[in-house]
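Data block below; observations after.
Being a predicted model, the structure only gives us computed values, none of them experimental. Order of listing sets the numbers, starting from 1, for every ligand and every atom in it.
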Amino acid sequence: MSDQPEGPRQLPLVLAEPRGRKKPPRHLADLTPGERKDLLVEMGLPGFRAKQVATHYFSRLVDDPEQMTDLPAAQRGELVEALLPHLMTPLRVLEADKGTTRKTLWKLFDGALVESVLMRYPNRTTMCVSSQAGCGMACPFCATGQGGLQRNMSTAEIVEQVLAGARSLERGEVPGGEGRVNNVVFMGMGEPLANYKAVVGAVRRLTEPAPDGYGMSARGITVSTVGLVPRIKQLADEGIPVTLALSLHAPDDELRNELVPINTRFSVAETVDAAFEYFQKTKRRVSIEYAMMRGINDQAWRADLLGDVLNERGHGWVHVNLIPLNEVPGSQYTRSFDKDTDEFVRRLEAKGVSTTIRDTRGDEIDAACGQLAATE
Ligand code: SAH
């Protein structure tokens, strides 16, 4: 967006392109197995073909119709058009860490841009996915937050990011041999709980046993949120044991109102209560995300206060993840000094709160922070 006029809020580039109010193409990953069947029957096609197409998509990881030789040639085109429409096109792929970190910039059907990141570790592979094009939460230190919300993504657009990663692992395109996606984190662009239905749909598709879904464990999925309290409560009642990550970033309302503006609606106390309830209902330990910003939220006294705020509810229910800030060009927020981050860890550990510092994998390609889409 470097050639855009300067202003307090730059217009996302996609608004310059013609955009109808059209919805993303309907795809089998948007539908339950029953709905896929019904759709084919309505079209006058045999319902059992739905399972064959799903097997290609979720189990065999095939996306080329030519390879779907069990589908009669006469129906193949129609079946693929109905259930596997083209959803997104990779515009750029950036690699780091010898190819084991791969960030993809995607162009959606209407020109909206989103990012996903594949991170391969010796024993597992994580996909970081976007749930919205842009984001409406306006956190001032976040690159995505600066452009506003363009639109919600569909369930299939979310699932397809994971499946694209799965296909590249299957095809041996990522160093380390063949593999599967073991973890999915909703830490790309967007606020997942503001696109609740599509996100829960994606979680269901990813966890449904193959060939109806991708068949991964819900325990491998993390939904990260600014803290939409009613939605956290709703998620706790879904009966899918995903990990909840709460982007707290400050233990006090005064500072959190500034860093995470939705805090003016849901206070730190209400938000942390909701996270604690999530733990009680699901027995899943909650992650607290805390991006370390120099001189802003990284004081030793705030570490003590954070420890107290968490311990007030209980012990052993939470894990703190300190994220070295990814500095956004032109932003007033900078990364904390290591000594302050280390002291922050010490203070939290002294209060019995388990704490880790997130590795800065893919730092040089701005792996986690919406900066690629922002510069396009
Ligand atoms: N809307 C969701 C997902 C956002 S991205 C949420 O807020 O949780 C995942 C994490 O990255 C969030 O904790 C977010 O606050 C954090 N983040 C955003 N910008 C960042 C930056 N510049 N440096 C470090 N972390 C950042």
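When non-hydrogen atoms are compared, ligand 1 lies under 4.0 Å from neither the backbone nor the side chain of Tyr333. Residue contacts with ligand 1 for His249 involve side-chain atoms from C-beta outward but no N, CA, C or O (heavy atoms, distance under 4.0 Å). Under 4.0 Å from ligand 1, the heavy atoms of Glu289 that appear belong solely to its side chain.
Against a heavy-atom cut-off of under 4.0 Å, Val226 is close to the following atoms of ligand 1: 6 (C), 7 (O), 8 (O). Taking every non-hydrogen atom of Ser247 and a distance limit under 4.0 Å, the qualifying atoms of ligand 1 come out as 6 (C), 7 (O), 8 (O), 12 (C), 13 (O), 15 (O). Atom numbering of ligand 1 starts at 1 in the shown order; those under 4.0 Å from a heavy atom of Cys142 are 18 (C), 19 (N). In summary, the atoms of ligand 1 found under 4.0 Å from a heavy atom of Gly190, numbered by their order in the structure, are 1 (N), 2 (C), 3 (C). For ligand 1, the atoms lying closer than 4.0 Å to a non-hydrogen atom of Met187 are 5 (S), 9 (C).
Relative ring orientation between Phe344 and Tyr290 is described as tilted, the plane-to-plane angle lying within the 30° to 60° band. Ring-plane geometry between Tyr57 and His27 is classed as perpendicular, the angle between the planes exceeding 60 degrees on a 0 to 90 degree scale with a lower cut at 30.
For ligand 1, the polar-atom distance check against Glu327 finds no nitrogen or oxygen pair separated by under 3.5 Å.
The two residues Leu91 and Lys107 have their closest heavy-atom pair at CG-CB, 3.8 Å.
When the options Ser331, Cys135, Ala245, Ser224 are ranked by their closest heavy atom to atom 10 (C) of ligand 1, first place goes to Ser224.
In this structure, Arg313 forms no cation-pi arrangement with Phe276, as its terminal cationic atom is not both closer than 6.0 Å to the ring centre and no more than 45° off the ring axis.
At distances below 3.5 Å, at least one donor-acceptor pair connects side-chain atoms of Gln132 with backbone N or O atoms of Glu191. The backbone N or O of Ala198 sits nowhere less than 3.5 Å from a side-chain atom of Asn152 that would complete a donor-acceptor pair.
Judged by the shortest distance from any of its heavy atoms, Ser131 lies outside the 4.0 Å radius around the atoms of ligand 1.
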For the pair Arg347 and Thr355, evaluate side chain to side chain contact (heavy atoms under 4.5 Å, CB included) and give the outcome as yes or no after the intermediate values. CA-CA 10 Å; Arg347 297 260 175 161; Thr355 307; over 6 Å; no
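Here Val62 pairs with His56, Arg60, Gln67, Met68 under the side chain to side chain contact (heavy atoms under 4.5 Å, CB included) rule; sequence neighbours left out.
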